[in-house]
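Throughout, protein chains are lettered first and strands after them, A, B, ... in sequence-line order, and every chain is numbered starting at 1.
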2 protein chains.
Amino acid sequence: MFIQIEATSDIPIYTQLANQVIELIARGQLQGGDTLPSVRALASDLSVNMHTVNKSYHELEQKGIIRIVPKSGAIINPIVQYGMSRENRQRIIERIRPILAESLVLGMSLEEIEQLVSATLSLLKED
Amino acid sequence: MFIQIEATSDIPIYTQLANQVIELIARGQLQGGDTLPSVRALASDLSVNMHTVNKSYHELEQKGIIRIVPKSGAIINPIVQYGMSRENRQRIIERIRPILAESLVLGMSLEEIEQLVSATLSLLKED
DNA sequence: CTAACTGCTCTATTAATAGTATAACAGAAC
DNA sequence: GTTCTGTTATACTATTAATAGAGCAGTTAG
């Protein structure tokens, strides 16, 4: 698990952590069935508090990305193709919408924005 | 100016406000040269504190979307086509990247994501 | 079986952020 | 000249982020 936390970032540590786990899954370096390190182990590894890692794991669980088995560990859910619920889809739109609006206002064309999205998606698939 | 604030939202008021101004500009309902209401007027209008509106305006100024003339008012900058700086572009990517990664992990295909982006961009252009 | 490890809970503290509130300053607009 | 403007300063409350330590109870490995 290659995870790096930037302490100076304005992004909360537990969000940075969740985002990086998500990227590892998107990239295939973590797969359904794989287990995440214990909250204590990862906290120690990152020099971060146990509760911070715990909060991160629960955020991932709430998103439906992992499941947490009490007294045992955190397991990555398999990616369900075509399993995107309307709620999830709506949540994604609400998060992406202000960013797209800002891109338009900053002078990007529709084509430029779509190209930026494609490029970023490709980036996520690289090793 | 049709702006609505959701007090119960987990999104800060000043962010909601800035996002809605940005959408109004993207939609063409606000154009370069137009002025925003005074911080006091808008604060009173939205039943919100003056400092909250002030913070919102400064966020918009920092993004390069408006300029604030001291003792005068806030004026919307014209949209500069092809004026997207590398810094702005990078900032957009960093914000959109974790959302795209999550979409992939939740089971969306590349095509579905690109379609969702296009649909959201169209939504932003509607009246 | 025992010991180590696990997620979970509880309590506490510190620091930062969001929002409100009031007041005052000085320039702009009418 | 009065009103309105953005700006600054201070203060207070509430919430969140992060750390810290302790303990509980189930799981797992030796």
Side-chain angles (χ1 to χ4, degrees), chain A residues 1 3-22 30 33-77 94-95 98, chain B residues 1 3-22 30 33-77 94-95 98:
Chain A
M1 290 255 309
I3 288 184
Q4 268 190 336
I5 299 300
E6 286 187 37
T8 65
S9 169
D10 57 340
I11 302 172
I13 296 175
Y14 69 87
T15 303
Q16 291 185 47
L17 182 46
N19 283 345
Q20 292 195 39
V21 170
I22 290 172
L30 287 175
D34 288 353
T35 58
L36 293 177
S38 76
V39 290
R40 282 176 236 250
L42 186 53
S44 164
D45 206 45
L46 300 176
S47 299
V48 145
N49 193 273
M50 176 195 69
H51 297 98
T52 306
V53 177
N54 195 252
K55 182 168 184 177
S56 192
Y57 281 13
H58 276 89
E59 191 173 88
L60 289 169
E61 187 182 42
Q62 195 220 336
K63 288 176 187 290
I65 293 173
I66 67 174
R67 69 176 186 284
I68 299 174
V69 183
K71 320 297 175 191
S72 175
I75 304 153
I76 299 180
N77 288 329
E94 277 164 17
R95 284 169 62 193
Chain B
M1 292 254 308
I3 288 184
Q4 268 189 336
I5 298 300
E6 287 187 36
T8 64
S9 169
D10 56 340
I11 301 172
I13 295 175
Y14 70 86
T15 303
Q16 290 184 49
L17 182 47
N19 283 346
Q20 292 194 39
V21 171
I22 290 172
L30 287 175
D34 289 353
T35 58
L36 293 178
S38 78
V39 291
R40 281 176 237 249
L42 187 51
S44 165
D45 207 45
L46 301 176
S47 300
V48 145
N49 194 272
M50 177 195 67
H51 295 98
T52 306
V53 177
N54 195 251
K55 183 169 185 177
S56 191
Y57 281 12
H58 277 88
E59 192 174 87
L60 288 169
E61 187 182 43
Q62 194 220 335
K63 288 176 187 292
I65 293 172
I66 69 174
R67 69 179 186 283
I68 299 174
V69 182
K71 320 297 176 191
S72 174
I75 305 152
I76 299 181
N77 288 329
E94 277 163 16
R95 285 170 60 193

Check: G64(B) main-chain N/O paired with N77(B) side-chain donor or acceptor under 3.5 Å
yes

With a cut-off of less than 4.0 Å, is there a side-chain N or O of [X] near OP1 or OP2 of [N]?
X: K71(B); N: dA29(C); value: no
X: T52(B); N: dA18(C); value: no
X: Y14(B); N: dA18(C); value: yes
X: N54(A); N: dC8(C); value: yes

Between atom [atom1] in [X] and atom [atom2] in [N], what is the gap in whole Å?
X: I11(B); N: dG19(C); atom1: CD1; atom2: P; value: 11 Å
X: E59(B); N: dT17(C); atom1: CD; atom2: P; value: 13 Å
X: I13(B); N: dA14(D); atom1: CD1; atom2: P; value: 16 Å
X: E61(A); N: dG7(C); atom1: CD; atom2: P; value: 12 Å
X: K55(A); N: dA17(D); atom1: NZ; atom2: C1'; value: 6 Å

Quick one: which of [options] gives a side-chain contact (heavy atoms from CB on, under 4.5 Å) with [X]?
X: L42(B); options: L17(B), N54(B), T52(B); answer: L17(B)
X: L36(A); options: I75(A), I68(A), V53(A), V21(A); answer: V21(A)
X: E59(A); options: K63(A), K55(A), E61(A); answer: K63(A)

Scan Y57(A) against the nucleic acid and name what it touches under 4.0 Å (heavy atoms): base, sugar-phosphate only, or nothing.
nothing

The correct set of residues in residues 36-51 of chain A placing a heavy atom under 4.0 Å from DNA chain C is S38(A), V39(A), R40(A), M50(A), H51(A)

Roughly how far, to the nearest 0.5 Å, is CD1 of I22(A) from CG of L60(A)?
5.5 Å

Any chance you could measure Q16(B), atom CD, to I11(B), atom CD1, to the nearest 0.5 Å?
6.0 Å

Side chain of S72(A) - closest among dT28(D), dA18(C), dG7(C):
dT28(D)

Answer whether the closest heavy-atom distance between the side chains of Y57(A) and P37(A) falls below 4.5 Å.
yes

